[in-house]
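Presented below is the structure to which this report refers.
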Amino acid sequence: MENRATTCPKCGARVVGRFCSECGSPLTDASCPSCSALPWLVAGVAVVAMIVVAIVFGVSPAPPASGQPAAPPSGTPPGAPGAAAVDFANMTPRQRADQFFDHIMRADERGDTAQVMVFRPLALAAYGEIDELDGDARFHVGLIEAISGGLDAALAQADSLDLAVSGHLLASNLRHTVAEKRGDVAAVQRAYQAFLDAYEREIGAQRPEYVAHQQILESFRAQAQQALSGSGG
């Protein structure tokens, strides 16, 4: 399908794709210029989301009529998805989006590409419903795009993080992920160096997204230090 340019509703730039390359805003409110089909697509994604959640998470999308929590499926481990009823229909878009994000990350860790690709459009649609993405949500969107093949869209989110905060640590992490997937060794090194150059200044800011992803940042710092030390950087 031919990609068509549209106007970003946030900054007014002419762009192509799902996210603005200038500000990183989702473009899900832009209608298809040929058939204005996007509202129907979003509605369809919402219905599919309910069905997929019921199947994969093993829960009802809303509490039973009795008001009592639904019992988890037989054999569901405590704390696992489906261990308790989820009132999915009454979640905010952000809550739904983060549920999908967590599921995608777990699937990626298991190497379950099929689950990643099933939940990718559901997560992106949910994040697209949010009026303004904060740094944490932008990182989530960028990471989902990066691990599912949307590398340019992931870089757009990295750029938006850097526009908001010069030297944003999670922007460097996203650029590294994209560079690794592209096999771009020089870009991998640049991402490491940018991260380390900004680390001391940025980590003290205690931004909410840094607190939420502290483990990723600590692991990436050690990885960057080892890589640059080994390369003489």
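Along the sequence shown, the residues carry numbers beginning at 1.
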>> Within this structure, what is the CG-CD distance for the pair Asp131 and Glu129, rounded to the nearest 0.5 Å?
In response: 10.0 Å
> With sequence neighbours excluded, what pairs up with His176 under the ring pair (Phe, Tyr, Trp, His ring centres under 6.0 Å) test?
Replying inline: Tyr192, Phe220
>> Under the rule for salt bridge (charged side-chain N to carboxylate O under 4.0 Å, His left out), what residues qualify as partners of Glu132, not counting sequence neighbours?
In response: none
>> I'd like to know if Glu145 pairs up with Arg120 as an ion pair, taking the criterion as any Lys NZ or Arg NE/NH1/NH2 lying under 4.0 Å from an Asp or Glu carboxylate oxygen.
In response: yes
>> Testing Gln157, Met105, His213 one by one against His140 for a side-chain contact (heavy atoms from CB on, under 4.5 Å), which residue passes?
In response: His213
> Do Asp98 and Arg94 sit within salt-bridge range, that is, some charged N less than 4.0 Å from a carboxylate O?
Replying inline: yes
> Hey, does the side chain of Arg96 reach the backbone of Met91 with a donor-acceptor pair shorter than 3.5 angstrom?
Replying inline: yes
> What are the two closest heavy atoms between Pro93 and Ile130, and how far apart are they?
Replying inline: CB-CG1, 4.2 Å
>> I need the full list of ring-ring contact (aromatic ring centres under 6.0 Å, His included) pairs touching residues 144-168, with sequence neighbours left out, sorted by first then second residue.
In response: His168-Tyr210
> Is Leu143 reachable from Leu217 through a run of I, L, V, M, F, W or Y residues, each pair having side-chain heavy atoms under 4.5 Å apart?
Replying inline: yes
>> For a quick test of reading the model, state the closest non-hydrogen atom pair linking Ser172 to Ala194 and the distance between them.
In response: OG-CB, 3.7 Å
> Do any pairs count as a salt bridge (Lys or Arg N to Asp or Glu O under 4.0 Å) and have a residue in residues 180-199, sequence neighbours left out, and if so which ones?
Replying inline: Asp152-Arg182
>> What's the separation between atom CG in Asp108 and atom CD1 in Ile147, rounded to the nearest 0.5 Å?
In response: 4.0 Å
>> Side chains of Asp134 and Glu209, heavy atoms from C-beta outward: is any pair under 4.5 Å?
In response: no
> How many angstroms lie between CD in Gln115 and CZ in Arg106, if you round to the nearest 0.5 Å?
Replying inline: 10.5 Å
>> Can you give me the closest heavy-atom contact between Ile104 and Val116, atom names plus distance?
In response: O-CG2, 3.9 Å
>> Looking at Ser219 and Gln215, would you say the former's side chain and the latter's main chain have a donor-acceptor pair under 3.5 Å?
In response: no
> Just wondering, do Phe100 and Ile144 contact through their side chains at under 4.5 Å, heavy atoms?
Replying inline: no
> Going by the ring-ring contact (aromatic ring centres under 6.0 Å, His included) test, which pairs reach into residues 143-164, not counting sequence neighbours?
Replying inline: none
>> By the salt bridge (Lys or Arg N to Asp or Glu O under 4.0 Å) test, which pairs, at least two apart or in different chains, include something from residues 212-223?
In response: Glu200-Arg221
